[in-house]
Amino acid sequence: MACPTHILVTGATGFIGAHVVDMLLSRGFRVTTRSKAKGEAMLAARPRATQASRLDCVVIDDFLGPELDLASTLKGGIDAIVHVASPFTYDTQNNEAELILPAINGVKAVLSAAAEAQTVKRVVITSSFAAVLDVERARKASQYFTYTADDWNPLTYDEAADPKTSAVVAYRWSKKFAELAAWEFVNNFECRGGGLSFDLVTLCPPMTFGPVVHPVVGGPLGLNDSNSQLWKVAIASQQGNELPVARVPFWVDVRDLAQAHVEALLRPEAGGKRYLVSSQERLTYEMAAEIIEHEFPNFVRPEGAPVVERQVVNESHSIDGETAARELGISYRACQETVVDLMRQVGAM
């Protein structure tokens, strides 16, 4: 596979996407985003001429509609895609219509346009550990096990789309069905004897934390969902309140995840693979609170506050982040560095 030179990044102004853009720019690649207004905000935040000259934006009015606009954009010389964008809201009336179908259709639109353009050599898609997690298996495990890239969340489409299912859960599962749609697209194309110009790589990160490089409106209250949890931990400590509980003990620093995206784009041997990108260090919010209190005296738990209930790390299973580290050349940051870097930044907002 020839090394790409011009990459389309969807979701470029989000938490993960902005880090991916910055890493691509730092390595000398030309990057295109798909929203003019947001792209211009990215340019304004990156005034260095060397970066600005390699970052441009296009207007694709109907991302989920006909692929004509996107395909014609790709034919302008784009030879790789990093698809990070996914609809995200917890304020839904219809999970299927507002979360699940848009995620699936977004993936299909990107891949259909890439197939039409015939210029794209690789597509990297941001999936989620939610596409892997089996809650019942973790809960009932009688012996130690490790989640690997071969594992899939067993939740059915009907369960995800059920009106009784919360939007929080539906969002996570939308990532599963979008990733499945991507692999099915590629496999079906090959089964029909078609010759795709590109191969596919998917990344499944768990909770992602770390400093932000995208525009944040409203100070700490405008943080993305995962980082806002760490901010809630800090505030709970400061006020002597009960700490939130992490959904899983697995996590990754956003900078390491961005590197994984770029390496997945560039390494020929990564084609056709699925990776779990996760630190091997486990994290509870009690551990995060201890780091915050030690490094930031303003957030020390007040004297006389109720004792924090111990948050025991679930040791019944693990996640295979080592394969991604080895094959993509990643060295995961320690949670100490991640938490401290974020808190320093948020404290200055």
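All figures in this text were calculated on a predicted structure; none of them were measured in a lab.
A salt bridge (charged side-chain N to carboxylate O under 4.0 Å, His left out) check over residues 198-212, counting only residues at least two apart or in different chains, returns the pairs R122-D199. Evaluation of the salt bridge (charged side-chain N to carboxylate O under 4.0 Å, His left out) test over residues 141-156, restricted to residues two or more places apart or in two chains, returns R137-D151. Residue pairs meeting the salt bridge (charged side-chain N to carboxylate O under 4.0 Å, His left out) criterion with at least one partner in residues 313-332, sequence neighbours excluded, are K273-E327, R282-E315. Applying the side-chain hydrogen bond (donor to acceptor under 3.5 Å, both in side chains) test to residues at least two apart or on different chains, the pairs with a partner in residues 340-349 are R255-D341.
V212 places a side-chain heavy atom less than 4.5 Å from the side chain of F15. Between Y332 and V252 there is a side-chain heavy-atom pair separated by less than 4.5 Å. Taking the side chain as every heavy atom from C-beta outward, T323 and Y275 approach each other to under 4.5 Å. No side-chain heavy atom of T13 sits less than 4.5 Å from a side-chain heavy atom of T33. Proximity of Q118 to F198: side-chain heavy atoms (C-beta onward) are nowhere separated by under 4.5 Å.
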Check: residues 125-133 side-chain donor-acceptor pairs under 3.5 Å, at least two apart:
from, atom 1, to, atom 2, distance (Å)
T126, OG1, H261, NE2, 2.7
S127, OG, E179, OE1, 2.7
S128, OG, A130, N, 3.0

Please list every donor-acceptor pair under 3.5 Å in which a side-chain atom of residues 287-299 meets a protein atom from a residue at least two apart or in another chain.
from, atom 1, to, atom 2, distance (Å)
E293, OE2, S237, OG, 3.4
E295, OE2, Q336, NE2, 3.0

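Judged by distance alone, with hydrogens and angles left aside, the side-chain atoms of E96 form no donor-acceptor pair with the main-chain N or O of Y157 at under 3.5 Å. Judged by distance alone, with hydrogens and angles left aside, the side-chain atoms of D256 form a donor-acceptor pair with the main-chain N or O of R333 at under 3.5 Å. A donor-acceptor distance shorter than 3.5 angstrom exists from the side chain of E98 to the backbone of N94, with no hydrogens or angles considered. For W183 (side chain) and L200 (main-chain N/O), no donor-acceptor pair under 3.5 Å exists by modelled atom type. Here the side chain of T119 pairs no donor or acceptor atom with the backbone of G76 at under 3.5 angstrom. In terms of modelled atom types and a separation under 3.5 Å, the side chain of N95 and the main chain of A161 share no donor-acceptor contact. E159 contributes a side-chain N or O that, together with a main-chain N or O of T156, makes up a donor-acceptor pair within less than 3.5 Å.
Scanning both residues, A264 and L203, for their nearest heavy atoms gives CB-CD2, 4.3 Å. The two residues Y147 and L276 make their nearest non-hydrogen contact at O-CD1, 3.5 Å. A pairwise comparison of heavy atoms in V21 and A12 identifies CG2-CB, 3.7 Å as the closest pair. Heavy atoms only, all atoms of each residue included: A103 and A178 are closest at O-CB, 3.7 Å. The shortest heavy-atom contact between A236 and E242 is CB-O, 3.6 Å. Of all heavy-atom pairs spanning P244 and Q229, the tightest one is CB-OE1, 4.2 Å.
Using bins of under 30°, 30° to 60° and over 60° for the plane-to-plane angle, the ring pair H317/F145 lands in the parallel bin.
Distance check: S226 OG to I16 CD1 gives 7.5 Å after rounding to the nearest 0.5 Å. Taking CE of M23 as the start and CD of Q259 as the end, the distance is 5.5 Å to the nearest 0.5 Å. Interatomic distance, CZ of F177 versus CD1 of I100, reported as 6.5 Å (0.5 Å rounding). One distance of note links CG of L257 with OG of S278; it measures 10.5 Å at 0.5 Å rounding. In this structure, CD1 in I235 is found 10.0 Å from CG in N241, a value given to the nearest 0.5 Å. Separating the OG1 atom in T5 from the CD1 atom in I78 is a distance of 10.0 Å, to the nearest 0.5 Å.
Counted by atom type alone, S318 and Y144 present one or more donor-acceptor pairs between their side chains at under 3.5 Å. S316 and N314 share a donor-acceptor pair across their side chains, judged by distance under 3.5 Å alone. Defined by atom type and a distance below 3.5 Å, a donor-acceptor pair is present between the side-chain atoms of T10 and H83.
Taking the centre and axis of the six-membered ring of W152, the NZ or CZ atom of R274 falls inside the cone set by 45° and 6.0 Å.
Applying the 6.0 Å contact sphere to CD of Q239 captures more than 12 heavy atoms from other residues, nucleotides or ligands.
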- Query: Taking it one step at a time, do I81 and L74 satisfy side-chain contact (heavy atoms from CB on, under 4.5 Å)?
  - Reply: CA-CA 9 Å; I81 301 172; L74 297 177; 4.0 Å; yes
